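Data first, discussion second: the structure below is written as structure tokens.
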Amino acid sequence: MEVIQILREVSNKIYENVKDLAGTEHAAGDFGRGAGGDISRNIDIIAEKTVLDYLREINFKCIVLGEECGRVELSENPKGYIIMDAIDGSANAVRGIPFFCSALAFATENKLSSITDGVITNLANGEMYWASKNKGSFFNEERIKVHNSDPVYKIVGINTSGATIELMKRLHPIFENHNHTRHFGANALEMALFARGLFDVFIDFRNKIRIQDIAAGYLIVKEAGGLLLDADLNPLDADLSYETRVSFIAAANKKILDEIMSQIS
């Protein structure tokens, strides 16, 4: 079985196991802080267990890097890394806001740039975004591309949750000049929407994003033709460490990238 098939299959299993939990008393709970630093909720634990159980069942030789469970070595001779945020948007999931997802990626080495496969599944409805390196990005079974023409409405996704005063001042022209700013509370799913052409740019300059949050979206955005750069406008790359935090901007093309950066540089 190809890696992308494994990721898609287990993503479907996550959806089946958590789709009725969101917004219920069984979604929450406090299981302490996971490896990523956030409080682990019951819905997080169920989703991660779904992945680990399936990978063990099919004897997939890998190292899992999970948001909650941390590093789990499933083989002494791994083929690579499964980078897992089994529930991205946990706050939305616990409260019942229908915008949360699973995000799974496979990397052959300890770098974002070695990711070969990624899957993001909207756990509110089961819709799936997926990509394999050099094979394009897909929404369910439809090929997707970033929006690359002049939009009727320019949509700017921007994550400012927990941003500093200094960063908010720097970003202020975006809010002043672009009325259509959006943030829904699940970075991975927002990156997928960008790859599908529903956003024109997506910005997160907080230097808080973990590798698990961005790994699957990294490949899906790139395979959809998007530009994905760090805060210094270099091609985004990073190691897969739990200490790693990144800032990034995803843009549909250089024109909109230059337009946005001219306002916030």
Side-chain angles (χ1 to χ4, degrees), residues 1-31 34-36 38-70 72 74 81-106 115-132 137-142 144 184-193 195-196 212-217 219-220:
M1 189 184 301
E2 293 184 359
V3 171
I4 193 64
Q5 293 174 296
I6 292 170
L7 298 184
R8 294 186 68 188
E9 177 65 22
V10 75
S11 295
N12 282 325
K13 290 180 180 293
I14 294 172
Y15 174 62
E16 290 300 321
N17 287 348
V18 308
K19 64 181 181 180
D20 297 324
L21 274 178
T24 72
E25 61 182 13
H26 302 295
D30 185 341
F31 292 82
D38 291 338
I39 298 295
S40 298
R41 304 299 180 184
N42 190 43
I43 196 168
D44 297 308
I45 302 301
I46 290 171
E48 281 204 343
K49 184 176 185 300
T50 299
V51 176
L52 292 170
D53 286 352
Y54 179 74
L55 294 176
R56 290 186 175 109
E57 177 187 327
I58 65 172
N59 193 30
F60 187 66
K61 300 181 185 303
C62 67
I63 296 171
V64 178
L65 303 176
E67 178 86 6
E68 315 302 332
C69 65
V72 179
L74 297 183
Y81 302 88
I82 295 286
I83 310 161
M84 171 174 68
D85 191 355
I87 301 287
D88 184 34
S90 298
N92 286 351
V94 168
R95 292 296 303 273
I97 297 170
F99 197 91
F100 59 102
C101 67
S102 62
L104 304 174
F106 179 77
I115 292 173
T116 62
D117 302 89
V119 176
I120 295 170
T121 300
N122 184 339
L123 296 176
N125 57 21
E127 292 176 344
M128 183 178 290
Y129 300 82
W130 54 283
S132 292
S137 290
F138 296 83
F139 169 58
N140 295 328
E141 303 305 321
E142 175 188 354
I144 56 174
F184 300 119
N187 263 45
L189 189 50
E190 287 164 277
M191 292 180 77
L193 295 182
R196 189 176 160 191
Q212 286 78 12
D213 297 319
I214 199 175
L219 185 65
I220 291 170

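Everything quoted here is computed from the prediction, not taken from an experiment.
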Closest non-hydrogen atom pair between [X] and [Y], with its separation:
X    : Y    : answer
I87  : A47  : CG1-CB, 3.7 Å
I43  : A22  : CD1-N, 4.3 Å
T121 : S11  : OG1-CB, 3.3 Å
L219 : A131 : CD2-O, 3.5 Å

With sequence neighbours excluded, what pairs up with K49 under the side-chain hydrogen bond (donor to acceptor under 3.5 Å, both in side chains) test?
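Partners of K49 by the side-chain hydrogen bond (donor to acceptor under 3.5 Å, both in side chains) criterion, ordered by chain and then number, come out as D53.
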[X] side-chain N/O to [Y] backbone N/O, donor-acceptor pair under 3.5 Å:
X    : Y    : answer
T24  : H26  : yes
N140 : E142 : no
Q5   : M1   : no
N17  : I46  : no
N122 : E127 : no

Is atom NZ of K61 surrounded by more than 12 heavy atoms (other residues, nucleotides or ligands) closer than 6.0 Å?
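No, because the 6.0 Å sphere around NZ of K61 holds 12 heavy atoms or fewer from other groups.
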List the steps and the verdict of salt bridge (charged side-chain N to carboxylate O under 4.0 Å, His left out) for R8 and E141.
CA-CA 12 Å; R8 294 186 68 188; E141 303 305 321; 2.6 Å; yes
F138 and I220: CA distance, side-chain angles, deciding distance, side chain to side chain contact (heavy atoms under 4.5 Å, CB included) verdict:
CA-CA 8 Å; F138 296 83; I220 291 170; over 6 Å; no
Please tell me if the side chains of [X] and [Y] come closer than 4.5 Å, counting only heavy atoms from C-beta onward.
X    : Y    : result
Y81  : V64  : no
D213 : D88  : yes
L65  : Q212 : yes
W130 : I120 : no
R196 : S137 : no
I82  : L7   : yes

Please enumerate all residues that pass salt bridge (Lys or Arg N to Asp or Glu O under 4.0 Å) together with K13, with sequence neighbours excluded.
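E9.
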Do any side-chain atoms of residues 92-104 form donor-acceptor pairs under 3.5 angstrom with protein atoms, and if so which ones, sequence neighbours left out?
unit_1: N92; atom_1: ND2; unit_2: F99; atom_2: O; d: 2.8
unit_1: N92; atom_1: ND2; unit_2: F184; atom_2: O; d: 2.9

Side chain to side chain contact (heavy atoms under 4.5 Å, CB included) assessment of V51 paired with I14:
CA-CA 7 Å; V51 176; I14 294 172; 3.5 Å; yes
Test Y129 against I144 for side chain to side chain contact (heavy atoms under 4.5 Å, CB included), laying out the working first.
CA-CA 9 Å; Y129 300 82; I144 56 174; 4.1 Å; yes
Test T116 against S132 for side chain to side chain contact (heavy atoms under 4.5 Å, CB included), laying out the working first.
CA-CA 6 Å; T116 62; S132 292; over 6 Å; no
About how many Å separate CG of L52 and CD of E57, when rounded to the nearest 0.5 Å?
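The CG atom of L52 is 12.5 Å from CD of E57, to the nearest 0.5 Å.
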